[in-house]
**Q** 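Attaching a single structure in structure tokens format; questions to follow.
These numbers come from the heavy atoms of this one structure, side chains and all, not from hydrogens, waters or symmetry mates.
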Amino acid sequence: MSQTDKPVILFTNDDGIESPGLWAAVQAFQGSGALLVAAPREQQSGMGRSMPHSSEGRIFPYDAPVDCGECTAYAVDGTPAQAVQHAVLELAGEAPDLLVSGINYGENTGNGVTISGTVGAALEAASLGIPALAVSQQTPTDLHRSYSNAVDFSVAADFALQMGNWLMDHSALPDDVDVLKIDVPWGASKETEWRLTRLSRRRVYWPTRPERLALHDSGKLGYQYNSDPTAAEPDSDVYALLNDAVISVTPISLDMTSRTDMFRLSQIMLGREEYGR
């Protein structure tokens with residue numbers, strides 16, 4: 001807790017400082033503590049936890065577009081994970097009590113979460129010892145990189161506040177729970193149920209081939225939704241969000257070690273046991 005007995009709550013995202021989703025989260029936490037916003041100056045979707053040397057790291061004060069009480073905001077030239085580092089090292093003055101990343105335009109589920117800058121920022125905060133939420137709102141694909149006002153973030157923002165307060169009050173989570181990843185279905189209401197889920201091994205968004213005549217022509221990769229959520233693991237985030245339309249809460253660990261039987265794997269690798277036997 002901060003020296004003033006008010007929690008310091010840090011906010012970031014990967015959609016950029018102008019995103020309505022970010023400010024919906026900030027506004028929901030109004031009155032909950034000292035609110036610090038440090039978000040990328042530009043759109044940074046798909047950056048994961050990247051730390052490119054090309055980022056300039058310039059920081060600019062930013063006028064909050066909403067009433068958020070005790071709130072200070074900065075736009076950062078950098079990725080979401082870099083914004084977290086700049087905030088912790090230069091802006092916060094002390095370790096934040098909570099990091100809220102999002103609210104993202106578009107869900108972050110399945111094995112694509114390592115691509116997500118929303119999740120990447122939360123993992124970066126967790127690696128610095130800060131309890132972290134990664135919050136995403138399911139939207140139509142064509143709104144993923146937009147700042148569309150057609151997206152209602154109110155339910156996601158209220159749920160983020162609920163989970164954020166709980167996380168600050170229950171810091172003694174199991175050692176392998178570093179981030180709570182929250183995905184809210186399109187059209188959710190205050191009555192929408194939530195479910196604790198695991199990360200699906202399935203992919204939801206698949207890359208699309210660039211359209212160009214020659215390989216040396218400009219050709220950006222795209223992506224498209226291509227998933228059958230009914231075939232996903234029943235206890236997974238993909239099944240909960242995309243099949244059952246409930247809020248998915250997935251505990252994520254910084255320990256990415258496989259859950260395999262290490263002894264058996266070593267025997268297979270040493271040729272002492274046939275694979276699959």
**Q** Consider only side-chain N and O atoms of T114 and R49, and report whether a donor and an acceptor are under 3.5 Å apart.
**A** no

**Q** Any chance the side chains of Y74 and H86 put a donor and an acceptor closer than 3.5 Å?
**A** no

**Q** Report yes or no: do F159 and W166 belong to one cluster of Ile/Leu/Val/Met/Phe/Trp/Tyr joined by side chain heavy-atom distances under 4.5 Å?
**A** yes

**Q** Taking N104 as the fixed residue, which of V184, D15, N13 is the one that meets the side-chain contact (heavy atoms from CB on, under 4.5 Å) rule?
**A** D15

**Q** Quick check: is I130 connected to V119 through a chain of hydrophobic side chains (ILVMFWY, heavy atoms under 4.5 Å apart)?
**A** no

**Q** Could you name each residue pair satisfying side-chain hydrogen bond (donor to acceptor under 3.5 Å, both in side chains) that touches residues 17-27, not counting sequence neighbours?
**A** none

**Q** Working to the nearest 0.5 angstrom, can you tell me the gap between S101 OG and L133 CG?
**A** 9.0 Å

**Q** Drop me the distance from D178's CG to S253's OG, to the nearest 0.5 angstrom.
**A** 5.0 Å

**Q** Rounded at 0.5 Å granularity, tell me how far CZ in R198 sits from CD1 in I252.
**A** 12.5 Å

**Q** Classify the ring geometry between Y105 and F153 as parallel (under 30°), tilted (30 to 60°) or perpendicular (over 60°).
**A** perpendicular

**Q** So, D97 side chain and V8 main chain: donor-acceptor pair closer than 3.5 Å or not?
**A** yes

**Q** Distance alone, cut at 3.5 Å: any donor-acceptor contact between the side chains of E107 and S136?
**A** no

**Q** According to a 4.5 Å side-chain heavy-atom criterion applied to Ile, Leu, Val, Met, Phe, Trp and Tyr, with indirect links allowed, do L99 and L91 form part of one hydrophobic cluster?
**A** yes

**Q** At what distance, to the nearest 0.5 angstrom, does CZ of R203 lie from OG1 of T109?
**A** 11.5 Å

**Q** Show your working on side chain to side chain donor-acceptor pair (under 3.5 Å) between T79 and Q44 and close with a plain yes or no.
**A** CA-CA 6 Å; T79 67; Q44 294 282 332; 5.6 Å; no

**Q** Got a sec, which residues hit ring pair (Phe, Tyr, Trp, His ring centres under 6.0 Å) with Y225, two or more places apart in sequence or on another chain?
**A** Y205

**Q** Can a salt bridge be assigned to the pair D217 and R212 using a cut-off of 4.0 Å between side-chain N and carboxylate O?
**A** no

**Q** Under 3.5 Å, is there a donor-acceptor pair between the S248 and D237 side chains?
**A** no

**Q** Got a second to check how far M47's CE is from I115's CD1, nearest 0.5 Å?
**A** 12.5 Å

**Q** For the side chain of K181 and the backbone of N108, is there at least one donor-acceptor N/O pair under 3.5 Å apart?
**A** yes

**Q** To the closest 0.5 Å, what do you measure between CG (L241) and OG (S200)?
**A** 11.5 Å

**Q** Which atom pair, heavy atoms only, marks the closest approach of A122 to A132?
**A** O-CB, 3.5 Å

**Q** Would you please say whether a donor-acceptor pair under 3.5 Å links the side chains of T208 and Q224?
**A** no

**Q** For residues A232 and V238, report the shortest heavy-atom separation together with the two atoms involved.
**A** CB-CG1, 3.7 Å

**Q** Applying salt bridge (charged side-chain N to carboxylate O under 4.0 Å, His left out), can you list everything that pairs with R202, at least two apart in sequence or on another chain?
**A** none

**Q** Under 3.5 Å, side chain of S258 to main-chain N/O of T260, donor-acceptor pair present?
**A** yes

**Q** For L89, look at atom CG and say whether over 12 heavy atoms of other residues, nucleotides or ligands are found less than 6.0 Å away.
**A** yes

**Q** Using atom types as modelled and distance alone, determine if a side-chain donor or acceptor of Q43 lies under 3.5 Å from a backbone N or O of S45.
**A** yes

